[in-house]
Amino acid sequence: MGHLLTRTQIQRLVARHGREVIEHSHMEIERLCYQHGNVTTFAHSVRVACLAVWMADRAHLWHRVDLRSLIRAALLHDYFLYDWHDWDNGEHRWHGFTHGHAALVNALRDFTLNDIERDSIEKHMFPMTPVPPRYIEGYLVTLADKLSATRETLSLGRFHKKALPPRDRLAHIPGHGPLTGQTCSHSAGTGARS
C-alpha cells in the first residue's frame with residue numbers, strides 16, 4: 001500500500017475484512033440502538049473501523065498493523081448488544097467502564113478472535129479503564145472511537161433523532177425476542193436520551 005487510500009478504498013477494505021461481522025445476525029441489534037446522538041451503534045462501529053484504517057494509512061503503519069484484526073476489532077468494540085440509554089434500574093450505570101468487557105464476552109461467543117482483536121475490544125475505553133491496549137491496533141481503535149464519539153455527540157443532528165424500528169424485528173434472533181431485556185426498545189414516542 002504505497003499510496004494513500006481513498007474513502008471508497010477504505011470502505012471496501014472494511015466491507016471485505018469485516019464481512020463476517022457485518023453480516024452476523026446480532027449486528028441487527030446494533031442497527032436498532034442509538035449510540036451517540038442520532039448515530040446507531042452499527043453506524044458508529046463502521047465509522048470507527050473506517051477512521052482506524054484511515055489513521056493507519058495516513059501514519060504509514062502498514063508494516064506494523066494487522067489490517068483484518070484492526071477492522072474486526074473496530075467493528076466489535078461496542079458489541080455489548082443492549083441499549084445503554086434505556087432505564088434498567090441502574091444495571092448499565094457504569095456502562096463507560098464495563099461495556100468493553102461486555103462487548104468482548106459477546107464477541108467471543110459469536111466469533112473466533114485472535115489476541116489483537118480481544119485486547120483491542122476489551123481495552124478500547126482507555127483511559128476510563130486503567131489498562132492500556134497492548135497492540136497498535138488497540139490504540140488506533142481507541143483513538144478512532146474517541147474521535148467518532150465526540151463528533152457524533154456534538155453533532156447538531158443529535159436534535160433530529162429518528163424513531164428506530166420497533167424491537168419486534170429482533171424476534172428471529174435467539175435470546176432477543178419481544179420478551180427479553182437485551183434488545184433496543186426505541187419505537188415511535190419512546191424518546192431515548194443521548
Side-chain angles (χ1 to χ4, degrees), residues 1 4-5 7-31 33-36 39-84 92 94-153 182:
M1 297 189 183
L4 296 179
L5 297 172
R7 179 184 304 232
T8 301
Q9 290 171 319
I10 291 170
Q11 291 168 342
R12 287 181 184 151
L13 286 170
V14 169
R16 182 170 71 225
H17 294 287
R19 183 177 181 165
E20 177 191 13
V21 174
I22 292 167
E23 292 179 354
H24 194 280
S25 62
H26 285 150
M27 292 306 272
E28 187 66 20
I29 298 166
E30 286 199 4
R31 288 180 174 91
C33 297
Y34 281 118
Q35 176 66 335
H36 308 112
V39 178
T40 64
T41 306
F42 177 80
H44 167 74
S45 297
V46 171
R47 288 176 179 195
V48 169
C50 289
L51 183 54
V53 171
W54 182 87
M55 290 188 303
D57 183 55
R58 294 317 190 261
H60 305 287
L61 293 174
W62 295 123
H63 63 285
R64 297 197 54 205
V65 169
D66 178 340
L67 180 62
R68 181 176 186 274
S69 296
L70 174 65
I71 290 170
R72 286 168 50 91
L75 291 172
L76 292 168
H77 81 281
D78 281 343
Y79 196 64
F80 43 82
L81 304 178
Y82 59 80
D83 190 336
W84 63 277
H92 300 136
W94 300 105
H95 171 79
F97 297 95
T98 62
H99 78 269
H101 181 72
L104 177 61
V105 168
N106 290 334
L108 286 170
R109 180 195 63 216
D110 294 343
F111 305 97
T112 301
L113 304 177
N114 64 32
D115 289 343
I116 293 170
E117 294 162 348
R118 285 193 298 268
D119 187 76
S120 300
I121 294 165
E122 187 165 39
K123 297 176 182 171
H124 81 273
M125 286 304 291
F126 180 78
M128 286 182 71
T129 52
V131 181
R134 184 172 170 196
Y135 303 97
I136 187 73
E137 293 85 354
Y139 282 99
L140 290 168
V141 170
T142 299
L143 183 56
D145 180 47
K146 303 301 177 272
L147 292 170
S148 294
T150 300
R151 182 174 184 194
E152 294 160 7
T153 301
Q182 293 208 14

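Excluded from the calculations below are hydrogen atoms, water molecules and symmetry mates; all remaining heavy atoms, backbone and side chain alike, are included. For the single chain, residues carry numbers from 1 onward in sequence order. Note that the structure is predicted; figures quoted are calculated from it, not measured.
Between Lys146 and Phe126 the shortest heavy-atom distance is CE-O, 3.6 Å. Scanning all heavy atoms of the two residues, the minimum distance from Ala74 to Ala49 falls at CB-CA, 3.4 Å. Scanning both residues, Gln9 and Leu4, for their nearest heavy atoms gives OE1-O, 4.0 Å. In plain terms, the two heavy atoms of Ala103 and His77 that are nearest each other are CB-O, 3.4 Å. Nearest approach of Ala52 to Ala144, heavy atoms of both residues: N-CB, 3.8 Å. Residues Tyr79 and Ala107 come closest through the heavy atom pair CD2-N, 3.5 Å.
To the nearest 0.5 angstrom, Leu67 atom CG is 10.0 Å from Asp57 atom CG. Summarising the geometry, atom CD1 belonging to Ile121 is positioned 11.5 Å from atom CD1 belonging to Ile116; distances are rounded to the nearest 0.5 Å. Separation of atoms OH (Tyr139) and CE (Met55) is listed at 13.5 Å; rounding is to 0.5 Å. One finds the CG atom of Leu108 at 5.0 Å from the CG atom of Leu113 (value rounded to the nearest 0.5 Å). If you take OG1 on Thr142 and CG on Leu147, they are separated by 11.0 Å, rounding to the nearest 0.5 Å. Rounding to the nearest 0.5 Å places OG1 of Thr129 at 8.0 Å from CD of Glu122.
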Side-chain atoms of residues 14-22: list all donor-acceptor pairs with protein atoms under 3.5 Å, sequence neighbours left out, distances to 0.1 Å.
from  : atom 1 : to    : atom 2 : distance (Å)
Arg19 : NE     : Glu23 : OE1    : 3.4
Arg19 : NE     : Glu23 : OE2    : 3.0
Glu20 : OE1    : Arg72 : NH1    : 2.7

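You'll find the side chain of Arg109 stays beyond 4.5 Å of the side chain of Val105, heavy atoms only. Using a 4.5 Å heavy-atom threshold, the side chains of Glu28 and Phe42 count as separate. You'll find the side chain of Asn106 stays beyond 4.5 Å of the side chain of His26, heavy atoms only. Proximity of His101 to Met125: side-chain heavy atoms (C-beta onward) are nowhere separated by under 4.5 Å. In this structure, the side chains of Leu76 and Phe111 come closer than 4.5 Å at one or more pairs of heavy atoms. Side-chain atoms of Val46 and Gln11, non-hydrogen and from C-beta on, never get closer than 4.5 Å to each other.
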**Message:** side-chain contact (heavy atoms from CB on, under 4.5 Å), that's the test. Do Thr8 and Arg12 meet it? Break it down for me.
**Reply:** CA-CA 6 Å; Thr8 301; Arg12 287 181 184 151; 3.6 Å; yes

**Asked** Stepwise, does the side-chain contact (heavy atoms from CB on, under 4.5 Å) test hold for Asp66 with Tyr135?
**Response** CA-CA 10 Å; Asp66 178 340; Tyr135 303 97; over 6 Å; no

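For Arg58, the CZ atom sits in a packed shell: over 12 heavy atoms of surrounding residues, nucleotides or ligands are nearer than 6.0 Å.
For the pair Glu117 (side chain) and Asn114 (backbone), a donor-acceptor distance under 3.5 Å is present. No donor-acceptor pair under 3.5 Å is formed between the side chain of Asp78 and the backbone N or O of Thr41.
Sequence neighbours left out, not one pair with a member in residues 126-138 passes salt bridge (charged side-chain N to carboxylate O under 4.0 Å, His left out).
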